[in-house]
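To find a chain, count down the sequence lines: A is the first, B the second, and so on, and within it residues start at 1.
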Amino acid sequence: MTKQKPARVRFAPSPTGMTHLGSARTALYNYLLAHQTNGQFILRIEDTDRKRYNPESEIDLISSLKWLGLNWDEGPDIGGPYAPYRQSERKDIYQSYAQKLIDMGYAYPCFCTQNRLNELRKEQQKRKVNPKYDRKCRDIPPLEAAKRVANGESHVIRFKTPLTGSITVHDYLRGDITVNNKQLDDFIIVKSDGLALYHLAAMVDDHLMGITHVFRGEEWLSTFPFHAHIYRAFGWEEPVWIHLSVFLNPTGKGKMSKRFAQQMRLKGNSIFIKDIRKMGYIPEGVINWIVLMGWSFDDKTEFFTLNDLVNNFSIDKLNPSPAAIDFKKLDYFDGLHIRALSKSELAKRLKPFYLKAGYSIDDSVLDKVIPLIQVRLHTLNEAPEISGFFFADHVNPNPNDLIGKHLTIDESIIAAHESYKLLSDLTEFSPSSLEQPLRQLAEKLGLKAGQLFGILRVAITGQKVSPPLLESMEIIGKETVLNRITIAIDLLKSIEGQPNQS
RNA sequence: GCCCCCAUCGUCUAGGGGACUAGGACGUAGCCCUUUCAAGGCUAAGACGGGAGUUCGAAUCUCCCUGGGGGCACCA
């Protein structure tokens with residue numbers, strides 16, 4: 001790999017909601033670039049909007065990123081050479097830079113009330129013209145404006161966007177983008193409460209913190225020229241701008257929205273990391289899944305660990321077109337990574353999920369169960385469902401399921417009974433010692449092995465679908481196996497003569 | 001309405017003028033393996049949105065159209 005200069009990158013979410021797939025992927029790309037260039041990954045909280053601030057979301061953010069393994073080198077919790085990393089604590093910095101802009105003639109105080117602005121916008125929308133500030137305060141003589149500010153008159157600060165000409169900005173994935181300045185508004189950069197808006201705050205921070213690459217969502221593309229204006233007004237060197245595509249609904253129609261996110265949850269899927277974790281997906285699977293939505297390595301390789309990605313990631317292979325979320329693929333990747341886990345690691349991760357499902361776990365039993373279920377799992381949540389019977393005191397088969405395929409109840413009872421007799425005579429209880437006798441019994445009864453195994457499977461595991469039967473029997477042990485068969489025979493007898501038999 | 005971005009199988013994508021009868025993966029279907037379910041193996045169906053150019057040659061370059069997406073806040 002070619003030696004790259006260390007990148008300083010930042011993930012800068014605003015704490016207004018739960019961390020979702022889109023932000024996780026942005027954070028991931030940041031992390032990867034930082035690590036492969038031996039640079040720094042910075043976490044910065046963009047909480048300049050007090051009204052939308054949600055303290056829970058910051059907690060959620062930290063736990064989500066940590067769970068994914070995307071640790072940062074500088075951030076609000078651990079500090080760093082450019083602290084503070086929370087924008088609400090950097091108010092004075094932004095103010096001084098806003099003042100510089102005013103002094104240089106690139107910005108001006110605006111005394112228009114919000115009321116007037118709303119009216120203006122309404123009127124413009126009615127006339128079907130582009131809603132924009134009419135620049136009423138732009139030409140107030142600076143001295144007069146300064147006086148009014150000094151007098152404490154409520155005001156915001158706006159950027160004085162050039163009225164003519166055009167600006168060309170460069171996005172790494174899309175190349176040059178040229179926009180006429182007259183399309184641009186005189187954006188507000190400092191609110192009347194004195195706090196800077198993203199437009200100013202993020203630019204100042206990115207510059208001050210030495211950010212070399214900015215990953216952000218495509219939704220910033222339209223204000224991109226404006227941000228470049230700010231950089232250029234200050235004469236700062238611009239970072240590499242990389243606007244990432246948005247995530248689309250699984251249907252491919254429309255952006256992933258709050259409304260759709262709710263619908264997803266109803267269907268048992270979620271775009272929120274917190275939910276995904278709860279559903280039993282493992283971070284390795286999630287990482288592998290999201291990294292491929294908008295990035296690829298080549299035409300074949302698709303399995304990646306975080307470490308693989310650090311070595312192989314490249315911003316050159318990023319794809320600017322939007323991607324639809326495919327949850328089926330998450331199951332696939334998660335299964336892949338579950339299978340890649342060591343037995344002991346899987347056991348460790350599985351335990352809380354059994355506990356949550358109400359099972360108490362015997363570690364030595366769990367160790368024996370793991371090899372049977374590892375290949376069958378897509379999420380950790382599935383483990384209690386398919387293998388809870390190993391840890392349960394009783395199983396509760398549906399009596400009708402105990403009836404062998406194409407058999408009557410009587411025939412099923414006989415089969416179960418004969419099995420009981422056979423098994424109780426065995427001293428060794430292992431797959432190899434069980435297999436031949438059971439197959440011979442099936443033959444003797446005129447049954448296919450599958451018919452007999454089916455009856456025993458339901459009797460012993462309580463399920464029609466289970467891990468391999470003989471291996472399961474070994475783990476469960478002779479005594480419990482015989483008990484469960486006895487109960488199954490009783491169950492079969494209880495439905496004998498009832499109309500509902502199949 | 002105005003501005004901007006995007007465009008290969010249903011989905012994620014490879015492809016950056018000839019190596020393309022367009023490759024891989026998920027999903028789907030079939031077969032194999034098999035005590036169920038998985039996992040695995042094999043096979044199949046499945047795409048360059050349309051139209052003009054440029055070129056000996058275009059999925060690849062240009063333009064137009066269409067479609068999709070994003071933005072137009074004292075939100076980020």
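Inspection of the Thr113(A) and Asn115(A) side chains reveals no N or O donor paired with an N or O acceptor under 3.5 Å. If you check the side chains of Asp331(A) and Tyr281(A), you find a donor sitting under 3.5 Å from an acceptor. For the 3.5 Å distance criterion, the side chains of Asp334(A) and His378(A) fail to qualify, holding no donor opposite an acceptor. In this model, no donor atom of one side chain and acceptor atom of the other lie less than 3.5 Å apart for Gln124(A) and Asn130(A).
Ser245(A) pairs by the side-chain contact (heavy atoms from CB on, under 4.5 Å) definition with Arg25(A), Glu218(A), not counting sequence neighbours. For the side-chain contact (heavy atoms from CB on, under 4.5 Å) test, residues two or more places apart in sequence or in another chain that qualify with Pro399(A) are Leu491(A), Ile495(A). Considering only residues two or more places apart in sequence or on other chains, Tyr133(A) meets the side chain to side chain donor-acceptor pair (under 3.5 Å) condition with none of them. Scanning for ring-ring contact (aromatic ring centres under 6.0 Å, His included) contacts around Phe353(A) gives an empty result, with sequence neighbours left out. With sequence neighbours left out, the side-chain contact (heavy atoms from CB on, under 4.5 Å) criterion links Ala98(A) to Ile157(A), Val190(A), Leu200(A). Applying the side-chain contact (heavy atoms from CB on, under 4.5 Å) criterion to Lys478(A), with sequence neighbours excluded, gives Phe429(A), Leu482(A). A search for salt bridge (charged side-chain N to carboxylate O under 4.0 Å, His left out) contacts involving Arg439(A) returns Glu435(A), not counting sequence neighbours.
Atom P of nucleotide C9(B) and atom CG of Asp326(A) are separated by 15 Å, given to the nearest angstrom. Look at CG on Asn288(A): it is 14 Å from P on U13(B), rounded to the nearest Å. Atoms CZ (Arg127(A)) and C1' (C2(B)) sit 13 Å apart, rounded to a whole Å. Atoms CG (Asp334(A)) and P (C26(B)) sit 15 Å apart, rounded to a whole Å. Going from atom NZ of Lys126(A) over to atom C1' of G1(B) covers 16 Å, rounded to whole Å. Following rounding to the nearest Å, Ile167(A) (CD1) and C3(B) (P) show an atom-to-atom distance of 18 Å. Following rounding to the nearest Å, Phe247(A) (CZ) and U11(B) (P) show an atom-to-atom distance of 16 Å. Atom CZ in Arg216(A) sits roughly 15 Å away from atom P in C5(B) (whole-Å rounding).
Side chain of Ser57(A) to backbone of Pro15(A): a donor-acceptor contact under 3.5 angstrom is found.
Rounded to whole Å, the P atom of C37(B) lies 14 Å from the corresponding atom of A29(B). Nucleotides G40(B) and G46(B) have their C1' atoms positioned 24 Å apart, rounded to a whole Å. Using P as the reference atom, G57(B) and A19(B) are 15 Å apart when rounded to the nearest Å. A distance of about 33 Å separates the C1' atoms of G71(B) and G53(B), rounded to the whole Å. Distance check on atom C1': A73(B) versus G51(B) gives 41 Å, rounded to whole Å. Comparing the P positions of C2(B) and C65(B) gives a spacing of 13 Å, expressed to the nearest Å. Taking the P atoms as reference points, G24(B) lies 31 Å from G68(B), given to the whole Å. When the C1' atom is compared between G23(B) and A59(B), the two are found 13 Å apart, to the nearest whole Å.
Applying the Watson-Crick and G-U wobble criteria (two distances, each under 3.5 Å), C72(B) pairs with G1(B). Using Watson-Crick or G-U wobble geometry with both donor-acceptor distances under 3.5 Å, A19(B) finds no partner in any strand shown. Across the strands present, A39(B) finds no partner; the criterion is a Watson-Crick or G-U wobble pair with both atom distances under 3.5 angstrom. Nucleotide U55(B) has no partner under the Watson-Crick or G-U criteria, as no pair reaches both atom distances under 3.5 Å. Within the shown strands, nothing qualifies as a pairing partner of A14(B) under the Watson-Crick or G-U definition with both distances less than 3.5 Å. Judged by Watson-Crick or G-U wobble contacts below 3.5 Å, the nucleotide U34(B) has no partner. If you check C9(B) for Watson-Crick or wobble pairing at under 3.5 angstrom, you find it has no partner at all.
A distance of 12.0 Å separates CD1 in Ile271(A) from CD1 in Ile290(A), rounded to the nearest 0.5 Å. Atom NZ of Lys255(A) sits about 10.0 Å away from atom CG of Leu248(A), to the nearest 0.5 Å.
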* To do: Indicate for each nucleotide in nucleotides 33-41 of chain B, in 5' to 3' sequence, whether protein heavy atoms under 4.0 Å reach the base (B), only the sugar-phosphate (S), or nothing (-).
  => --BBBBSS-
* Asked: If the sugar-phosphate is the primed atoms plus P, OP1 and OP2 and the base is the rest, what is the B/S/- string for nucleotides 66-76 of chain B, using protein heavy atoms under 4.0 Å?
  -> ---SBSBSBBB
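Gly335(A) comes within contact range of no nucleotide atom at all, as no heavy-atom separation falls under 4.0 Å. As judged by a 4.0 angstrom heavy-atom cut-off over every strand, Lys405(A) is placed among residues making no nucleic acid contact. Contact annotation for Asn319(A): backbone-only contact, meaning every heavy-atom pair under 4.0 Å involves sugar-phosphate atoms and none involves a base.
The environment of NZ in Lys343(A) is crowded: more than 12 heavy-atom neighbours from other residues, nucleotides or ligands sit within 6.0 Å. For Glu345(A), the CD atom counts as densely surrounded, since its 6.0 Å shell holds more than 12 non-hydrogen atoms of other residues, nucleotides or ligands.
In the set G27(B), C3(B), C12(B), G27(B) carries the atom at the smallest distance from any side-chain atom of Lys328(A).
A heavy atom lying under 4.0 Å from RNA chain B marks none of the residues of residues 379-386 of chain A.
Each of Leu330(A) and Leu318(A) was matched to the nucleotide of RNA chain B holding its nearest heavy atom; the match closer to the 5' end belongs to Leu318(A). In terms of position along RNA chain B, the nucleotide closest to Arg174(A) lies nearer the 5' end than the nucleotide closest to the other residue of the pair Glu302(A) and Arg174(A).
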Return the polar atom pairs (N/O with N/O) between nucleotides 20-23 of chain B and the protein under 3.5 Å, or none.
none

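Within the structure, salt bridge (charged side-chain N to carboxylate O under 4.0 Å, His left out) pairs that include any residue of residues 158-174 of chain A comprise Asp171(A)-Arg174(A) (at least two apart or interchain).
One donor-acceptor pair, N or O on each side, does fall under 3.5 Å between the base of C12(B) and the side chain of Lys329(A).
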